[in-house]
Amino acid sequence: MCTPWALWSHSIPLAIGAVLLLIGLPAVFSTPGDRPGADAPVAVPGIVTILLIVLHLMAATASAWALWGTWTAATVTALCLVVPFTELPRWRALLSATHDRAERPARR
């Protein structure tokens, strides 16, 4: 959320691009079965979903340091460092689903 704010004063097109990148990519690309409800239009392997999450965490950390004071930025950084540990079960499932689909032939 803070990435477009951090970029706005430098370049409005960059800020708009950040919104499109950080919101648009996960809306278009996802691993089948990862989200409740419906899958995104373009199916991708689990590693792509994981890399999108890491991209979000890196953008949040960098933007927090660019925009806010030390305590707030440090808090955001700490939270971003905790997220990979809380996401481990999901990431394992994403990676195993990818490997399972690659190893097993499709059922008809």
Side-chain angles (χ1 to χ4, degrees):
M1 179 176 188
C2 62
T3 303
W5 291 347
L7 293 173
W8 191 265
S9 62
H10 300 289
S11 168
I12 293 172
L14 270 179
I16 294 168
V19 170
L20 295 175
L21 181 77
L22 295 171
I23 295 174
L25 286 180
V28 174
F29 302 99
S30 75
T31 304
D34 182 44
R35 291 194 246 178
D39 291 326
V42 179
V44 294
I47 189 68
V48 175
T49 300
I50 294 169
L51 291 174
L52 287 172
I53 295 167
V54 171
L55 172 71
H56 280 93
L57 295 173
M58 290 171 37
T61 301
S63 300
W65 285 101
L67 280 178
W68 299 321
T70 303
W71 286 106
T72 306
T75 303
V76 170
T77 302
L79 290 171
C80 287
L81 289 172
V82 169
V83 167
F85 296 103
T86 62
E87 287 278 312
L88 275 178
R90 178 181 176 211
W91 290 3
R92 285 188 187 117
L94 285 168
L95 291 174
S96 68
T98 303
H99 293 302
D100 289 346
R101 283 193 193 104
E103 293 170 7
R104 285 188 254 161
R107 295 183 198 176
R108 294 182 189 223

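- Side-chain contact between Trp8 and Leu14 is absent, with no heavy-atom pair separated by less than 4.5 Å.
- Applying the side chain to side chain donor-acceptor pair (under 3.5 Å) rule to Thr61 yields no partners; only residues at least two apart in sequence or on another chain are considered.
- Between Ala40 and Val28, the closest heavy-atom pair is CB-O, 3.3 Å.
- The nearest pair of heavy atoms linking Ala73 to Trp65 is CB-CD2, 3.4 Å.
- Residue Leu20 is not grouped with residue Leu51 when hydrophobic side chains (ILVMFWY) are merged at heavy-atom distances under 4.5 angstrom, including chains of intermediate members.
- Nearest heavy atom pair, residue Cys2 against residue Leu67, reads O-CD1, 3.4 Å.
- A chain of hydrophobic side-chain contacts below 4.5 Å, direct or via other Ile, Leu, Val, Met, Phe, Trp or Tyr residues, connects Ile47 to Val83.
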Side chain to side chain contact (heavy atoms under 4.5 Å, CB included) evaluation trace for Thr3 with His56
CA-CA 9 Å; Thr3 303; His56 280 93; over 6 Å; no

Candidate pair Thr31 and Ile50, rule side chain to side chain contact (heavy atoms under 4.5 Å, CB included), full reasoning
CA-CA 10 Å; Thr31 304; Ile50 294 169; over 6 Å; no

Leu52/Val44 under side chain to side chain contact (heavy atoms under 4.5 Å, CB included): CA gap, chis, key distance, verdict
CA-CA 11 Å; Leu52 287 172; Val44 294; 5.9 Å; no

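- Hydrophobic clustering places Val42 together with Leu94 (ILVMFWY residues linked when any side-chain heavy atoms are closer than 4.5 Å, directly or through intermediates).
- The hydrophobic cluster containing Val76 does not contain Leu81, counting ILVMFWY residues as joined when their side-chain heavy atoms lie under 4.5 angstrom apart, directly or transitively.
- In this structure, Ser63 contributes its side chain and Ala60 its backbone to no donor-acceptor pair below 3.5 Å.
- Follow the hydrophobic side-chain contacts under 4.5 Å out from Val19 and you never reach Leu21; the two are in separate clusters.
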